[in-house]
Amino acid sequence: MPLPIIEPFRIKSVEPLRRTTREERREILRQAKYNLFNVHARDVLIDLLTDSGTAAMSNRQWAALMLGDESYAGSESYYRLKAAVDRLTGLPHLVPTHQGRAAEKILFQLLGGPGKVFLSNTFFDTTRANIEFTGAVAVDCVAPEAADLEREAPFKGNIDLGKMAAMLAEHAGRVAACILTVTNNSAGGQPVSLQNIRDARALLDRHGIPLYLDACRFAENAYFIKLREPGHADRSALEIAREMFSRVAGATFSGKKDALANMGGFLALRDGSLAEKARNLLTITEGFPTYGGMSGRDLDAMAAGLEEVLDEDYLEYRIASTAWTARGIKAKGVPIVNPPGGHAVYVDATAWLDHLAPEQLPGQALVNGLYEHYGIRTVEIGTVMFGKRDPATGALIPAARDLVRFAIPRRVYTQTHMEYVVEAMGELGAIRRSLPGYRAVTLPDFLPHFTAEFAPIA
Ligand SMILES: Cc1ncc(COP(=O)(O)O)c(C=O)c1O
């Protein structure tokens, strides 16, 4: 047996977990209107709601907090973050924001507006919402193999260049930008190949349209390129990441993912005049350009995290531990997205809960069932999150399938915690057809999954 890939850290500070009973959780669910975003974190045993902002920071990051310079203007923390972003991206203009969606809001306020069209492999929900909020249209062009959950293709997050070309022709003169989401969160956390980034850029260049990265998980994507794309095995993750950024006009970034921080983000741009406009908007809503909605200590935590995340012992463990969890869940007979992505395991709830019609929200049913029985919190990525509505009736239009995402916070849970999750899925399998479906009781217009209220169908 080869030696196992171990967590490349030891634990210095711990947070106790609190157990609850199934009866308590049933009542908690009822009070939360069957939406796990309304559940108090103390009532969750294993929290796989998101990998966003949930990382355990390192001793080096905690030490960096003490160096935080809280000056309103010209903070040293800003310049340390700027140096880290320069080293990584080579993008000369840094606009710090309190998290990723604030960077998106600024970018799309500048590039968007009625009549404009944006293309992507798959837009994340906040990205789509920020585009649509300006009156523009967001079109997903993900590679067709993404729809085949069984297929073990290496880069199922790629953009489909053929569809992209067709969209460029159909919307000639209206396409404002293309945004590649790396890794492709809404399509199973799948990576995008370097060749796909290069090809997308070449195609866009022929139309004079800029390419941007939604770079939240750039390090996981770079490591997948190293592992899977021929010709890159001997390059460092940093080198690969640098090439990814070298191909784009800019990037939006959430420091809550691959900066191993609990808060933060930025917009990084190549064009100085666009950056100037972005800073003007930043000052109105986020803050002065050298802090942009973050305290100095948060800027420093991000700066340290951006370097740590490219440590290849960490990336090897990160990708291997997600794959271990995926293999375990799959071995229990649960249909998952193959191969597993970097930050999460995605379960096909529509296929697994085959006693429910798509209108009965199988994703929501699995999320609530897993919480009620085992205290595990996950999130639906499907009908509710995408929130497509019938304009006549206002009813949700079922997604092609409801996935449930088991997002794995960075450096937080041990293999035994994940073993609990795997075994829970095994047990739930035996009773899965007893889980009730759900109907939406209230649905907000934007990002409905956060605040929608549901009721079980008797
Ligand atoms: C791909 C992607 N883009 C953008 C965002 C938004 O980032 P934030 O939550 O920091 O606003 C997220 C957050 O989950 C994401 O996964």
Side-chain angles (χ1 to χ4, degrees), residues 37 47-55 81 95-109 118-133 138 140 142 146 156-159 177-192 197 212-222 224 244 248 250-268 282 285-286 292-294 298-299 301-302 305-306 309 318 322 337 341-346 377-381 385-386 403 405-410 446-447 449-450:
F37 282 97
D47 204 345
L48 307 182
L49 181 73
T50 176
D51 64 320
S52 178
T54 52
L81 177 63
V95 181
T97 58
H98 77 277
Q99 62 182 99
R101 68 198 69 185
E104 291 166 0
K105 178 164 191 281
I106 291 171
L107 182 66
F108 297 121
Q109 231 173 301
F118 291 84
L119 307 180
S120 178
N121 45 352
T122 313
F123 287 102
F124 184 66
D125 60 352
T126 58
T127 324
R128 173 177 286 279
N130 272 301
I131 288 171
E132 290 176 349
F133 195 68
D140 290 337
V142 72
K156 288 166 83 172
N158 279 354
I159 193 161
C178 175
I179 294 92
L180 283 179
T181 311
V182 295
T183 57
N184 192 341
N185 187 4
S186 305
Q190 301 288 325
V192 176
I197 297 174
Y212 289 85
L213 286 183
D214 174 345
C216 294
R217 300 177 181 83
F218 72 93
E220 290 171 10
N221 199 93
F224 275 123
M244 288 161 55
V248 297
T252 55
F253 180 69
S254 166
K256 302 170 74 173
K257 285 83 171 175
D258 273 354
L260 301 170
N262 302 124
M263 189 47 72
F266 62 73
L267 172 63
L282 181 84
T285 57
E286 289 277 296
M294 274 186 283
D298 287 336
L299 296 166
M302 260 182 70
L306 279 177
V309 77
R318 172 73 174 156
T322 302
V337 175
H343 69 291
V345 180
Y346 293 71
R377 177 157 66 171
T378 53
V379 71
E380 187 252 24
I381 298 206
M385 185 180 269
F386 300 145
L403 298 177
R405 186 184 73 174
F406 293 55
I408 306 179
R410 293 168 179 78
F446 286 98
L447 302 175
H449 58 295
F450 288 135

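When a ligand or atom number is given, it counts from 1 through the structure's own listing order.
Close approach of ligand 1 to Gly100 is summarised as follows: ligand atoms under 4.0 Å from at least one heavy atom of the residue are 7 (O), 8 (P), 10 (O), 11 (O). Interface atoms of ligand 1 facing Arg217, defined by a heavy-atom separation under 4.0 Å, are 1 (C), 15 (C), 16 (O). Here is the list of ligand 1 atoms found below 4.0 Å of a heavy atom in Thr126: 4 (C), 5 (C), 6 (C). Short contacts between ligand 1 and Lys256, defined as distances under 4.0 Å to a heavy atom of the residue, involve ligand atoms 10 (O).
For atom 9 (O) of ligand 1, the nearest protein heavy atom (residue, atom name, distance) is Arg101 NH2, 2.9 Å. Summary of contacts: the protein heavy atom closest to atom 7 (O) of ligand 1 is Lys257 NZ, 3.2 Å. Nearest non-hydrogen protein atom to atom 3 (N) of ligand 1 is Asp214 OD2, 2.7 Å. At the top of the distance list for atom 4 (C) of ligand 1, counting protein heavy atoms only, stands Glu104 OE2, 3.1 Å. Phe124 CD2, 3.5 Å is the protein heavy atom nearest to atom 5 (C) of ligand 1.
Using a 4.0 Å cut-off between a side-chain N of Lys or Arg and a carboxylate O of Asp or Glu, Arg410 and Asp258 qualify as a salt bridge.
The parts of Gln99 lying near ligand 1 are both backbone and side chain, judged by heavy-atom distances below 4.0 Å.
Residues Thr183 and Pro191 share a closest heavy-atom pair of CG2-CA, 4.0 Å.
Side-chain contact between Asp140 and Asn121 is absent, with no heavy atoms from C-beta onward closer than 4.5 Å.
Remark: aromatic rings of Phe118 and Phe123 are distant, center separation not under 6.0 Å.
The shortest N or O to N or O distance between Thr183 and ligand 1 is not under 3.5 Å. Between Thr181 and ligand 1, a contact under 3.5 Å exists for no N or O pair.
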Give the C-alpha distance, both sets of side-chain angles, the deciding distance and a yes or no for side chain to side chain donor-acceptor pair (under 3.5 Å) between Thr126 and Glu104. CA-CA 8 Å; Thr126 58; Glu104 291 166 0; 2.9 Å; yes
Stepwise side chain to side chain donor-acceptor pair (under 3.5 Å) test for His449 and Asp125: CA-CA 10 Å; His449 58 295; Asp125 60 352; 3.1 Å; yes
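Remark: among candidates Gly265, Ala215, Ser254, the nearest residue to atom 10 (O) of ligand 1 is Ser254, based on non-hydrogen atoms.
More than 12 heavy atoms of other residues, nucleotides or ligands lie within 6.0 Å of CZ in Phe37, so this atom counts as buried by the packing criterion.
With Asn262 contributing its side chain and Ala55 its backbone, the two residues share a donor-acceptor pair below 3.5 Å. In this structure, the side chain of Thr181 does not engage the main chain of Asp214 through any donor-acceptor pair within 3.5 Å.
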